[in-house]
Trainee: 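Here's a structure for you.
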2 protein chains.
Amino acid sequence: MSTLYIANNRTEDMVGDLAAQTEEERRFAGAGAMRMVWFAKDDDIVVLPRLPEQAYLDYVTSMTRTRLSSLRLIVPPPGEIGEDILSPDRLLDSGFLAELRDAVADRTLAEIAPIYPDAAAVAVARTLGAEDALPGARFAGQGGTTMINSKAVFRAVAAGIDAPIARGAVVASHREAVAEIERILADGHPVILKKEHQVGGLGNEVVSRTDGVRPVGASRVVVVPDRAAVEAYVEDRWNWLTGDRHDRFVVERYIEGSVSVYAEFLVTDDGVELLGQGEMTMSPVFSGLVSPAQSLSGRQVAELEQAGRRMCEPFRDLGYRGVLTPDAILTPDGELLLSETNARISGCTHLYLAIAECLGARDRLGDRVFLEQGGWRVPSFGAAVDLLDRSGLALDLTTRTGVVLVCDMSRLDGTVRYCVVAEDIASARRMQQELASLPVAAAV
Amino acid sequence: MSTLYIANNRTEDMVGDLAAQTEEERRFAGAGAMRMVWFAKDDDIVVLPRLPEQAYLDYVTSMTRTRLSSLRLIVPPPGEIGEDILSPDRLLDSGFLAELRDAVADRTLAEIAPIYPDAAAVAVARTLGAEDALPGARFAGQGGTTMINSKAVFRAVAAGIDAPIARGAVVASHREAVAEIERILADGHPVILKKEHQVGGLGNEVVSRTDGVRPVGASRVVVVPDRAAVEAYVEDRWNWLTGDRHDRFVVERYIEGSVSVYAEFLVTDDGVELLGQGEMTMSPVFSGLVSPAQSLSGRQVAELEQAGRRMCEPFRDLGYRGVLTPDAILTPDGELLLSETNARISGCTHLYLAIAECLGARDRLGDRVFLEQGGWRVPSFGAAVDLLDRSGLALDLTTRTGVVLVCDMSRLDGTVRYCVVAEDIASARRMQQELASLPVAAAV
């Protein structure tokens, strides 16, 4: 039994117009897509935007105890926007589809698992005569995932089921936008503007009546001393806020000093299963995560998991199947407010469905903390593996602690993204410091 | 106990850019909004785009046995797009809101009932401190109704819950559009294109490989002999299909000779209640209706009502409250396929919630047929009432048959929209013919 993984990291639903992404954004998205290899087991097929380095493949499959030679890795020809993103045109390429059919012919295809289950992924499934192998294909095939990932739809549904959200509105016109921004500013609060479709805080900006507000989960703060400044801001940023098309966008009270948290679920025919929860570090946009969330009390964890599950249920009723991750903020007052829902294999799914397996399955994770971060400067991925091995910091399956190398950015900016597994957050931070202080030069 | 009715007939969610509507479209929409008077009972408040003619007010309130003097009719000052539509700027007018607060101060406000429950209607409720009086205000206030009225969302949800729909797709790019159109044409079928937001078939066009296809529920048929013609069509109509912004649109197999039917429900906190079902006449776009649907067998009626109810449930779970009307087509093969869902007081709600009351409540309607049609040429609405009275065709509360004047278009095109109530469709058609043959000139 094989699974077909499709590493379609970044779709228009996720980030808006793909062609408008910078070269750098696309290259990092492409590197992030490589994490899909973490999910692969013997005989699986993985469709990737580029072929990862051999050192990455060797390392990941050794960690997951997968026979690399049994995997079929397929890379479609470059597409209209290059070779970092599995854009729909690449997934429709006839040579690629022939190669895929050939790979499938040798195997019993049990499931198709795209990062983002959209119509292009369903079209691939259909070509293989295997639509039933893609969970929720009917819904995804008619654009349903677009709807769930909309931050506008999120607010309507959260409000509709009376889940806690920050004060604000979904707006479609200059007038509504200015009115809502002014309404919140007038009460003495800064305001966060959220594009309908973007990821990792990249589609968010804060406006404030006064100076000195720190942006977290947003790319910048704009000071708007008066109504005229708000009008000018909305006018100036209109195309950006509406995704250069005619998206709606969200205007919300921005609560300084809040912590970003999430609860991740797997939505299946059988129900809604909790995968895990955690905390995102923003500097100022998404940079890393800690799981479980350290800032939450036991009561707050229960509250987050319950509110998150309530968000998943109506989307499950609509027909969505796959990973669903409601995000929330914990305010300085200890209030939990849901902030968005992402319907895709997320930046933390590999922790729960792959790295957890290395440690001995998901239900024995309660005694471990994950700390994932990018930015370990290394000469190459292979050198990072060697260095880690020699340092004694590599994941030890007996102690179930140590460092795992998650993602290879070395060819882009000379870094590797890693995950520290430890008994508690203090030990994790210590290990992180040890890692940072390793004599990297020696490994070159 | 009073209800506040807001006759916001036509919103951007319903028809796209309001400013892009023609003068004629706006004027007819404004005349249609007057139907709201049919719902009013003693002491209610009705917000209207214009004040209806006295003859219309006298007639409707006499039919509904409402004391006209007890009603408070409020018309906000003209707005950016004139005085035919209750555009959001009109609903925010401070003079209007003061007048409304004054009206509410005299009464106990039990419910707020807009035609279209959107954020602008919720803003009015909020101004009155009466958000709780607007059912589903939380969902509607965050743009939820926009989502439900989207034909793209409709297809995703219908597919997701495995309700029957025509073959097709939701598309967001030229490539997807051309591919799906070609896929359906290649199988020998014409294709209907549906804008995400439009009403009454005005946002639909048919393309066909061959000549001679008759458009029903669509404004025209375009012949596209080959793929190049399809590409040219999509290119040419792109702005129209995407609502001059960046909406998605629907590409669907067009099944010639189908009949358009609907099932209308009232979605409340308590559940999903069937109001009625019927059949739409298209010539080629929406012109009138017959209730109950005459083309459906008993089994098909049950099927329509069941499929319609299934469409309502998930939207109720999301938080929508109000009238919800799934439409369907009955194909020549006897198949029922759902085609869209409208979340608003529809063009038939008055039949079930107002005219039915005149006849002695909704549950005694099983023995009557409604046939509603526009186009009775009259000198004025008052003259039409007189003529009807003298002719003996006016609704008789003893026999529970006769003609009801629904809507006054006389100042626009010299016609009145009417509804024949009869024991069966044959009697209704006979009455319709008698009405048409009345010596109108004599009434002048």
Side-chain angles (χ1 to χ4, degrees), chain A residues 12-13 16-17 80 87-89 92 118-120 122-123 136-148 150 152-163 165 168-173 175-176 179-180 183 196 242-248 250 313-321, chain B residues 12-13 16-17 80 87-89 92 118-120 122-123 136-148 150 152-163 165 168-173 175-176 179-180 183 196 242-248 250 313-321:
Chain A
E12 300 240 329
D13 288 349
D17 186 4
E80 285 161 7
S87 50
D89 59 315
L92 291 172
D118 63 2
V122 174
R138 284 194 305 260
F139 182 72
Q142 299 294 334
T145 323
T146 307
M147 174 194 352
I148 302 193
S150 154
V153 166
F154 161 78
R155 270 194 74 89
V157 174
I161 66 170
D162 208 12
I165 52 175
V170 175
V171 301
S173 71
R175 181 193 297 110
E176 290 172 291
E180 189 65 21
R183 210 156 71 94
E196 189 170 352
T242 57
D244 291 303
R245 34 194 205 183
H246 200 292
D247 286 348
R248 296 178 292 162
V250 167
E313 297 287 359
F315 292 132
R316 179 172 176 275
D317 291 344
L318 295 182
Y320 178 75
R321 297 293 180 268
Chain B
E12 300 239 331
D13 288 350
D17 187 3
E80 285 162 7
S87 50
D89 59 317
L92 290 173
D118 63 1
V122 174
R138 285 194 304 261
F139 182 72
Q142 298 295 335
T145 323
T146 307
M147 174 195 349
I148 302 192
S150 153
V153 167
F154 162 79
R155 270 194 74 89
V157 174
I161 65 170
D162 209 11
I165 52 175
V170 175
V171 302
S173 70
R175 181 193 297 108
E176 289 172 292
E180 189 66 21
R183 210 156 72 92
E196 189 170 352
T242 57
D244 289 303
R245 36 197 205 181
H246 199 292
D247 286 348
R248 298 179 290 161
V250 167
E313 297 286 1
F315 293 131
R316 181 173 176 274
D317 291 344
L318 295 183
Y320 179 74
R321 297 292 180 271

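The sequence lines fix the lettering, A, B, ..., with proteins before strands; numbering per chain opens at 1.
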Trainee: Between B:Arg175 and A:Pro88, is there a donor-acceptor pair closer than 3.5 Å when you use the side chain of the first and the backbone of the second?
Mentor: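 The answer is no, because no donor-acceptor pair under 3.5 Å joins these two groups.
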Trainee: Excluding sequence neighbours, so at least two apart, what forms side chain to side chain contact (heavy atoms under 4.5 Å, CB included) with B:Arg138?
Mentor: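 Applying side chain to side chain contact (heavy atoms under 4.5 Å, CB included) to B:Arg138 gives A:Ala159, A:Asp162.
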Trainee: Among B:Gly319, B:Gly160, B:Ala123, single out the residue with the greatest number of heavy-atom pairs under 4.5 Å to chain A.
Mentor: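 Between B:Gly319, B:Gly160, B:Ala123, the count favours B:Gly160.
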Trainee: Picking from A:Ser173, A:Gly141, A:Gly168, which has the most non-hydrogen pairs under 4.5 angstrom with chain B?
Mentor: A:Gly168
Trainee: For A:Arg183, is it the side chain, the backbone, both, or neither that has a heavy atom closer than 4.5 Å to a heavy atom of chain B?
Mentor: side chain
Trainee: Go through the atoms of A:Arg155 and report whether side chain, backbone, both or neither lie under 4.5 Å from a heavy atom of chain B.
Mentor: both
Trainee: Tell me whether B:Glu176 contacts the main-chain N or O of A:Ala120 through its side chain, where contact means a donor paired with an acceptor under 3.5 Å.
Mentor: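 Not a single qualifying donor-acceptor pair exists.
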Trainee: With rounding to the nearest 0.5 Å, note down the distance linking CZ in B:Phe315 to CG in A:Asp317.
Mentor: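 Taking CZ in B:Phe315 and CG in A:Asp317, the distance rounds to 11.5 Å.
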Trainee: For the candidates A:Ile161, A:Thr146, A:Val171, which exhibits the highest count of non-hydrogen atom pairs separated by less than 4.5 Å from chain B?
Mentor: A:Thr146
Trainee: Using a 4.5 angstrom heavy-atom cutoff, name the option from B:Ala158, B:Gly136, B:Ala137, B:Gly143 with the most pairs to chain A.
Mentor: B:Gly143
Trainee: Looking at every non-hydrogen atom in both residues, tell me the closest pair between A:Ala169 and B:Gln142 and how far apart they are.
Mentor: CA-OE1, 3.3 Å
Trainee: For A:Thr145, what residues pass the side chain to side chain contact (heavy atoms under 4.5 Å, CB included) criterion, not counting sequence neighbours?
Mentor: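 Listed in chain order: A:Tyr116, A:Pro117, A:Ala140, A:Asn149, A:Tyr320, A:Ala343.
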